[in-house]
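What follows is a set of notes on a single structure, which appears directly below.
Proteins come first, then strands; the chains are lettered A, B, ... in the order of their sequence lines, and each starts at number 1. Note that this is a predicted model, so its numbers are computed, not measured.
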2 protein chains.
Amino acid sequence: MSYCDTCVVRNRAICSALDPNEIEAMSASGRRRVLQPGQSLLWEGDESAIVANVIRGIMKLTSSTEDGREQIVGLVYPADFVGRPYGSTSLYSVTALDETEVCIYGRGDFEQFAQSHPAMEHKLLERTLSELDRTRRWMLLLGRKSANERIASFLLEMADRLSPHGAGLSGGCAPVDDHIAFDLPLSRQQIGDVQGLTIETVSRQFNRLKSDGIIALPSRRAVIVNDREALMDLAG
Amino acid sequence: MSYCDTCVVRNRAICSALDPNEIEAMSASGRRRVLQPGQSLLWEGDESAIVANVIRGIMKLTSSTEDGREQIVGLVYPADFVGRPYGSTSLYSVTALDETEVCIYGRGDFEQFAQSHPAMEHKLLERTLSELDRTRRWMLLLGRKSANERIASFLLEMADRLSPHGAGLSGGCAPVDDHIAFDLPLSRQQIGDVQGLTIETVSRQFNRLKSDGIIALPSRRAVIVNDREALMDLAG
DNA sequence: CGCCGACTTGAAGAATTTCAAGGTGTGTGG
DNA sequence: CCACACACCTTGAAATTCTTCAAGTCGGCG
């Protein structure tokens, strides 16, 4: 019996492709670890020695220029997979934003296990293809959208991911009185790092939306979307 | 005996994971097609009915805003795979830049075949992981680099991909007198679409590099890199 | 020779960044 | 309980970069 039996992401992470015996075999080479906000699991340019499943918390993937400008190139949520199997170096750092629990495997161990369990590798492929789609959509935002449109797009995505109504909203049946509320997992600086903007621009755009009545900002991290339609119009 | 026997990318495309019998089985459900410059294989938002291997030529993946701004989110070279298996819609258009030859499979056929040939799915996974790495690197460029740095980065990548010395240069043993020459596969407008810049900005940056003596531009599409070092400094 | 598309160049304008203060709110120690 | 420090956020004004708009120029091709 392994700790996987009670894992909250066992039905969604790539290990969901495994049967109980296989789970047990895999868990034998893994270990759990809790990361505090700011703690990193992998560093840009370093040897990619480990891979992991995220169980709880949020992590960021970041890439930086030599002179220290940083870009967040991905956000990682529970059940997501991080690390670079079949490659020797990680091209980005992986850092916890909240307290984050991960399930870690040596890259070599994982590769060996994955190659003998095609169903799990298939799950990883599907996940990677989705992530590539999401990343490319993000490129349109970075390359062609104004600060305004970026923030609107960002808030919509966060609303879908984080509001109590949750991802189910994407079905299109938003409540008529759609007061979507959530807490941002990112600081203003980090939002800037996601969107390719400075912290000042992010702040100005947030407060512009607030004074237009489209959103409310009850506290630093809290957001209430008053007018989802308007936000969608602005996002383009 | 199938046309795969003489395929120029047979050692590099994902089908290289297959043995001769398997190749034959796969080729039975595929067909070749030649696309003229500007012709598309898939359209953004449409059902993703087919997937393909690129045999010859270059293609672009593009995503657009409602009002027509376009971002190139990927470039596809021979031996690369295009299309979105295991997903119902393509999030971007796939369009030939040169005369391009592709080897097309119905998505359903491909998925079925892939799932019963883990070695090929593994190749696809490796390819997808590499593409995701490359895409994330590109995000750093779009989010944080100046026009100047973008063009320098772009020219370096093109030099590596296209110069007669070829990708082998990445080993680090550039010739002392490094006159790297190549023809761009993209127009100025398309370079802008890759970099998230306007055609005018691209043109100005190119000509700035030219008047600084770092590159030469013998014709519209031709580029000679005179000073690779300087370009690397500018790229950051 | 002249047209056309692709590229270049200039000047004005807009958006975002940069630099510089000024708030706000939370936790800690007095 | 208050005061202070600190981190984070906001706001303003100037500077910069890139875009936009508007002419040109170049080179190939009928």
Side-chain angles (χ1 to χ4, degrees), chain A residues 36-38 60 65 67-72 97-98 140-155 183-212 215-223 234 236, chain B residues 36-38 60 65 67-72 97-98 140-155 183-212 215-223 234 236:
Chain A
Q36 295 308 310
K60 63 173 180 177
T65 57
D67 62 343
R69 283 167 289 172
E70 176 173 312
Q71 175 69 40
I72 294 183
L97 294 176
D98 270 345
L140 174 62
L141 181 145
L142 292 176
R144 291 296 186 208
K145 290 194 179 178
S146 68
N148 216 299
E149 295 169 310
R150 292 184 201 198
I151 296 298
S153 305
F154 172 79
L155 286 173
D183 275 358
L184 294 167
L186 304 173
S187 69
R188 295 285 186 274
Q189 177 62 63
Q190 288 163 345
I191 295 170
D193 291 343
V194 168
Q195 313 269 332
L197 299 170
T198 59
I199 184 175
E200 294 93 335
T201 302
V202 172
S203 179
R204 281 188 251 268
Q205 296 298 334
F206 265 70
N207 288 299
R208 214 184 73 114
L209 290 174
K210 178 180 160 188
S211 54
D212 290 354
I215 62 170
L217 301 169
S219 76
R220 282 182 176 176
R221 293 293 184 106
V223 177
L234 287 174
Chain B
Q36 295 309 310
K60 63 173 180 177
T65 57
D67 62 342
R69 285 167 288 172
E70 176 173 312
Q71 175 68 42
I72 294 183
L97 294 176
D98 269 346
L140 174 62
L141 180 146
L142 291 177
R144 291 298 186 206
K145 290 194 179 177
S146 67
N148 216 298
E149 296 169 309
R150 292 184 200 196
I151 296 298
S153 305
F154 172 79
L155 286 172
D183 275 358
L184 293 167
L186 305 172
S187 69
R188 295 287 185 273
Q189 177 62 62
Q190 288 163 345
I191 294 170
D193 290 343
V194 168
Q195 314 268 331
L197 298 170
T198 59
I199 183 175
E200 293 94 335
T201 301
V202 172
S203 179
R204 281 187 251 268
Q205 296 298 334
F206 264 71
N207 288 299
R208 213 185 74 115
L209 289 174
K210 178 180 160 190
S211 53
D212 289 354
I215 62 171
L217 301 169
S219 76
R220 283 182 175 177
R221 293 292 185 108
V223 176
L234 287 175

Short heteroatom pairs, N/O only, protein and nucleotides 16-19 of chain D, under 3.5 Å:
residue : atom : partner : partner atom : Å
D:dC18  : OP1  : B:A147  : N            : 2.7
D:dT19  : OP2  : B:T198  : N            : 3.3
D:dT19  : OP2  : B:T198  : OG1          : 3.2
D:dT19  : OP2  : B:T201  : OG1          : 2.4

Pull out every protein N or O sitting under 3.5 Å from an N or O of nucleotides 26-30 of chain D, one pair per line with the distance.
residue : atom : partner : partner atom : Å
D:dC26  : O2   : B:R220  : NH2          : 2.9

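Counting only heavy atoms from C-beta outward, the side chains of B:F154 and B:V202 never approach each other to under 4.5 Å. Taking the side chain as every heavy atom from C-beta outward, B:E149 and B:S146 approach each other to under 4.5 Å. Annotation: side chain of B:L234 is not in contact with side chain of B:I151 (no heavy-atom distance under 4.5 Å). Looking at heavy atoms from C-beta onward, A:T65 lies out of side-chain contact with A:Q71 at the 4.5 angstrom threshold.
The distance between atom CD of B:Q190 and atom P of C:dG5, rounded to the nearest whole Å, is 16 Å. Atom pair B:L209:CG and C:dT8:C1' shows a separation of 15 Å (rounding to whole Å applied). In this entry the distance linking CG of B:N207 with P of C:dA6 reads 18 Å, nearest Å. When the P atom of C:dT24 is taken as reference, atom CZ of A:R188 falls 15 Å away, rounded to whole Å. Regarding A:K210, its NZ atom lies at a distance of 12 Å from the C1' atom of D:dT11, rounded to whole Å. If you take CD1 of A:I199 and C1' of C:dA20, they are 14 Å apart, rounded to a whole angstrom. If you measure from atom CG of A:L186 to atom C1' of D:dC8, you get 14 Å, rounded to the nearest angstrom. When the C1' atom of D:dT10 is taken as reference, atom CG of A:L217 falls 12 Å away, rounded to whole Å.
For B:R150 (side chain) and B:Q195 (main-chain N/O), a donor-acceptor pair under 3.5 Å exists by modelled atom type.
Screening residues 197-210 of chain A for salt bridge (Lys or Arg N to Asp or Glu O under 4.0 Å), with sequence neighbours left out, gives no hits.
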